[in-house]
Amino acid sequence: MRIATWNVNSVGARLPRLLDWLSTAGPDVVCLQELKCAAEAFPFDAVGELGYEVAAHGTGRWNGVAVLSKVGLTDVRRGLLDEPGYQADDAEAEATEPRAVAATCGGVRVWSVYVPNGREVGHSHYAYKLRWLDALRATAAEELAEPRPFAVLGDFNIAPTDADVWDIAEFADCTHVTEAERKALTALAETGLSEVYPRPLKYDVPFTYWDYRALCFPKNRGMRIDLVYGNPAFTTAVQDSYVDREARKGKGTSDHAPVVVDLELG
DNA sequence: ATGCCAGTTTTTAACTGA
């Protein structure tokens, strides 16, 4: 089974590139993030023609996640256990956002997640990011009571180590590299998960994100923030994993590249 | 080659992203 995760930065704007990539890479299961469309506006027909069922969770302008599957799609769950919301400065109340959706596909339990950005250390969005990650940990812990292959895939907006950004000196006092964020990843792993570390197709670190600006991609000024965490039943089945940087090339691309995992399930 | 921000809507500016 081939399973992938990709922050597409608008499934509408990315549709031609997405369909092309689905056709050539041929993943069985795909976790998408940053749909930037309402669930009902997802291009179900276009991906349906390629054989995918879809569980979409989106509200419009921001965020949005989905699971696509060619190997069955059941037990869809939208949102985390006791998921916190975000209260914008001008909002009267906090609101939950579409950042997590799960489905069981071909016997594998899959979560597609889009962790809040955090904006700046000390910002209310940063506190929200840490609360959200704790809810993700609690949700994983709850679902890991079952022994089936289980994985959380998505845009974590955290670089696990200093080597996972192009130059740690550029990230002083920045989000994505703080101890608190990394501790949240460790806490998630301590529920019984470990990271699947992908192969880079070029260079030494498999970055998954490069800013659109300032020639970041040609200069390989990237970050490794799209991650895959699996339980032992999942990770022991892994045959290969890589970041498909080819999908970041050319016109009309996302600023993220897909992470692909190949499994041999017993 | 990899090519110098892009996406959305509360649209012609503001906000978000990381």
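Both backbone and side-chain heavy atoms feed into the values below; hydrogens, waters and symmetry mates do not. Below, chain A is the first sequence line, B the second, and so on; all start at residue 1. Keep in mind the model is a prediction, meaning the values are calculated, not measured.
Rounded to a whole Å, the NE2 atom of H125(A) is 8 Å from the P atom of dT16(B). The distance between atom CZ of R248(A) and atom P of dA18(B), rounded to the nearest whole Å, is 12 Å.
Using a 4.0 Å heavy-atom criterion, one finds that F156(A) contacts no nucleic acid atom at all. Looking at heavy-atom distances under 4.0 Å, D155(A) makes contact with sugar-phosphate atoms alone, never a base. Among the atoms of the strands shown, only primed sugar atoms or phosphate atoms (P, OP1, OP2) are found under 4.0 Å from some heavy atom of G250(A). Residue R119(A) is classed as a sugar-phosphate contact, given heavy-atom separations below 4.0 Å to backbone atoms only.
Scanning for side chain to side chain donor-acceptor pair (under 3.5 Å) contacts around R77(A) gives E142(A), E143(A), with sequence neighbours left out. Residues passing the ring pair (Phe, Tyr, Trp, His ring centres under 6.0 Å) test with F234(A): none are found, sequence neighbours excluded. Scanning for side chain to side chain donor-acceptor pair (under 3.5 Å) contacts around Y209(A) gives D211(A), with sequence neighbours left out. For W21(A), the side chain to side chain donor-acceptor pair (under 3.5 Å) partners are D244(A), not counting sequence neighbours. Applying the side chain to side chain donor-acceptor pair (under 3.5 Å) test to E146(A) and every residue at least two apart in sequence or in another chain returns nothing.
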Considering only distance and modelled atom types, tabulate donor-acceptor pairs under 3.5 Å from the side chains of residues 6-13 of chain A, sequence neighbours left out.
{"unit_1": "W6(A)", "atom_1": "NE1", "unit_2": "H256(A)", "atom_2": "O", "d": "2.9"}
{"unit_1": "N7(A)", "atom_1": "OD1", "unit_2": "N9(A)", "atom_2": "N", "d": "3.0"}
{"unit_1": "N7(A)", "atom_1": "ND2", "unit_2": "E34(A)", "atom_2": "OE2", "d": "3.2"}
{"unit_1": "N7(A)", "atom_1": "ND2", "unit_2": "D155(A)", "atom_2": "OD2", "d": "2.9"}
{"unit_1": "N7(A)", "atom_1": "ND2", "unit_2": "H256(A)", "atom_2": "NE2", "d": "3.4"}
{"unit_1": "N9(A)", "atom_1": "OD1", "unit_2": "K36(A)", "atom_2": "NZ", "d": "2.9"}
{"unit_1": "N9(A)", "atom_1": "ND2", "unit_2": "Y212(A)", "atom_2": "OH", "d": "3.0"}
{"unit_1": "S10(A)", "atom_1": "OG", "unit_2": "G12(A)", "atom_2": "N", "d": "3.4"}
{"unit_1": "S10(A)", "atom_1": "OG", "unit_2": "A13(A)", "atom_2": "N", "d": "3.0"}

Only distances under 3.5 Å count here; give the side-chain donor-acceptor pairs of residues 180-195 of chain A to other protein atoms, sequence neighbours excluded, each with its distance to 0.1 Å.
{"unit_1": "E181(A)", "atom_1": "OE1", "unit_2": "H176(A)", "atom_2": "N", "d": "2.9"}
{"unit_1": "E181(A)", "atom_1": "OE1", "unit_2": "T178(A)", "atom_2": "N", "d": "3.3"}
{"unit_1": "E181(A)", "atom_1": "OE1", "unit_2": "T178(A)", "atom_2": "OG1", "d": "2.6"}
{"unit_1": "E181(A)", "atom_1": "OE2", "unit_2": "K129(A)", "atom_2": "NZ", "d": "2.5"}
{"unit_1": "E181(A)", "atom_1": "OE2", "unit_2": "H176(A)", "atom_2": "N", "d": "2.9"}
{"unit_1": "R182(A)", "atom_1": "NE", "unit_2": "A159(A)", "atom_2": "O", "d": "2.9"}
{"unit_1": "R182(A)", "atom_1": "NE", "unit_2": "P160(A)", "atom_2": "O", "d": "3.2"}
{"unit_1": "R182(A)", "atom_1": "NH1", "unit_2": "D162(A)", "atom_2": "OD1", "d": "2.9"}
{"unit_1": "R182(A)", "atom_1": "NH2", "unit_2": "A159(A)", "atom_2": "O", "d": "3.3"}
{"unit_1": "R182(A)", "atom_1": "NH2", "unit_2": "T161(A)", "atom_2": "O", "d": "3.2"}
{"unit_1": "R182(A)", "atom_1": "NH2", "unit_2": "D162(A)", "atom_2": "OD1", "d": "3.1"}
{"unit_1": "T186(A)", "atom_1": "OG1", "unit_2": "R182(A)", "atom_2": "O", "d": "3.1"}
{"unit_1": "T191(A)", "atom_1": "OG1", "unit_2": "L188(A)", "atom_2": "O", "d": "2.6"}
{"unit_1": "E195(A)", "atom_1": "OE1", "unit_2": "R224(A)", "atom_2": "NH2", "d": "3.4"}
{"unit_1": "E195(A)", "atom_1": "OE2", "unit_2": "R224(A)", "atom_2": "NH1", "d": "2.6"}
{"unit_1": "E195(A)", "atom_1": "OE2", "unit_2": "R224(A)", "atom_2": "NH2", "d": "3.3"}

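When each of Y86(A) and R245(A) is assigned the nucleotide of DNA chain B with its nearest heavy atom, R245(A) is the one assigned upstream, toward the 5' end. Between K219(A) and H256(A), the residue whose closest nucleotide on DNA chain B is further toward the 5' end is K219(A).
Within residues 13-23 of chain A, the residues approached by DNA chain B to less than 4.0 Å at the level of any non-hydrogen atom are A13(A), R14(A), in residue-number order. Interface residues of residues 196-212 of chain A facing DNA chain B, ordered by number: K202(A), Y209(A), Y212(A); criterion, heavy-atom separation under 4.0 Å. Listed by residue number, the members of residues 166-182 of chain A with any heavy atom below 4.0 angstrom from DNA chain B are H176(A).
For R61(A) against dA14(B), a side-chain N or O and a base N or O form a donor-acceptor pair under 3.5 Å.
Taking atom C1' in both dT8(B) and dT12(B), the straight-line distance is 14 Å, to the nearest Å.
Listed candidates were dT16(B), dG17(B), dC4(B). Nearest to the side chain of L215(A) is dC4(B). Of the candidates dA18(B), dG17(B), dC4(B), the closest approach to any side-chain atom of N7(A) belongs to dA18(B).
Crowding of D173(A) atom CG: a count of heavy atoms from other residues, nucleotides or ligands under 6.0 Å not exceeding 12.
Contacts classified as ring pair (Phe, Tyr, Trp, His ring centres under 6.0 Å) and involving residues 25-50 of chain A (residues at least two apart or in different chains) are given here: F42(A)-F44(A). The side chain to side chain donor-acceptor pair (under 3.5 Å) pairs that include a residue from residues 47-72 of chain A are N63(A)-R99(A), where partners are two or more places apart or lie in different chains.
Heavy-atom minimum distance, R109(A) versus T104(A): NH1-OG1, 3.1 Å.
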